[in-house]
Participant: 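Got a structure for you, questions after.
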Amino acid sequence: MTISIKTIQCLSDNYAYLIHNERIGETALIDAPEAGPIIAEIDSSGWNLDYILLTHHHFDHVDGVEKLRQNYGSKIIGNKNDRKRLPNLDIEVTEESRLVICGQEVSVLDVPGHTIGHIAFVFPGAAFTADSLMALGCGRVFEGTFPMMWNSLQKIATLPGDTMIYSGHEYTLSNGAFALTLETGNPELITRVEREKEQRNKDLPTVPSKLDLELRTNPFMRAGLPEMKTIIGSPDMSDEECFAEIRKRKDQF
Ligand code: ZN
Ligand code: FE
């Protein structure tokens, strides 16, 4: 691994990620929930912040942008199709864009659902999914439709199984409690939830997680499986219907 990734806790339960390539001396940030903890981390490392990559326009992902831009002259990267709602962008991207950040080739995935303009950034071996795919969960569907969010998750599911998923929040324990109400007999889910509880008891993040593990334990990623459809309603449901029902139940949970 030629880059390092630091997890920075922000606000009450947000994560920002600081990516650094020591060899070329380049640093990038994924989302800027608030400036303070990010500045503290950058300054104690003696780095400059070259790029800020934004996943979507919600305040808890962009609120720190202007302060960071002023401090470091960072270039801001975000979805061209959502530029009106994002802070001023220096580099506008679409799914066709290919970026080189911290010496790594980075691609962009459209993952609408939580918001219409939500994107994910895919580095080799690491996907920054924010409020689309999350550890044991997924973001609430605020602007898109349930089929749209299901498609977004399916797109992420096609990445290599050992891809690490860096999501935007620490919601894992409540996601896990919900997941256990559905798949009461999934041994890997039970073990995972126990392990995540131990992590949180030590005040450690449960993020990132491996994509493979999400496919085996995250109910939202499992909405296409006959065994999940049987739990949710009937094996005849479409994948989208099963996903929608799981998402609605989680909203009530
Ligand atoms: Zn959000
Ligand atoms: Fe968020």
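Small disclaimer: the values here were computed from a predicted structure and weren't measured. Every number for a ligand or one of its atoms is a count from 1 in the order of the listing.
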Participant: Are any N, O or S atoms from H61 nearer to the Fe ion (ligand 2) than 2.8 Å?
Facilitator: yes

Participant: Only N/O/S atoms count here: what is the atom of D60 closest to the Fe ion (ligand 2) called?
Facilitator: OD2

Participant: Any N/O/S of H114 under 2.8 Å from the Zn ion (ligand 1)?
Facilitator: yes

Participant: Nearest 0.5 Å, what's the NE2-OG1 distance between H118 and T55?
Facilitator: 4.5 Å

Participant: Please tell me whether L49 and L86 are part of a single hydrophobic cluster in this structure, the criterion being side-chain heavy atoms less than 4.5 Å apart.
Facilitator: yes

Participant: Hey, what's the angle at the Zn ion (ligand 1) spanning NE2 (H56) and OD2 (D131), nearest 10 degrees?
Facilitator: 90°

Participant: Between E214 and R192, does at least one N-O distance fall below 4.0 Å, as a salt bridge requires?
Facilitator: yes

Participant: Using a cut-off of strictly less than 2.8 Å, determine whether H169 has an N/O/S atom near the Fe ion (ligand 2).
Facilitator: yes

Participant: Does the ring center of H169 lie less than 6.0 Å from the ring center of H61?
Facilitator: yes

Participant: May I ask you to check whether Y17 and F128 place their ring centres under 6.0 Å from each other?
Facilitator: yes

Participant: Once you measure the plane-to-plane angle for H114 and H58, does it fall in the parallel (<30°), tilted (30-60°) or perpendicular (>60°) bin?
Facilitator: perpendicular

Participant: Would you mind naming the N, O or S atom of D131 nearest to the Fe ion (ligand 2)?
Facilitator: OD2

Participant: Can you name the N/O/S atom of H58 that is nearest the Zn ion (ligand 1)?
Facilitator: ND1

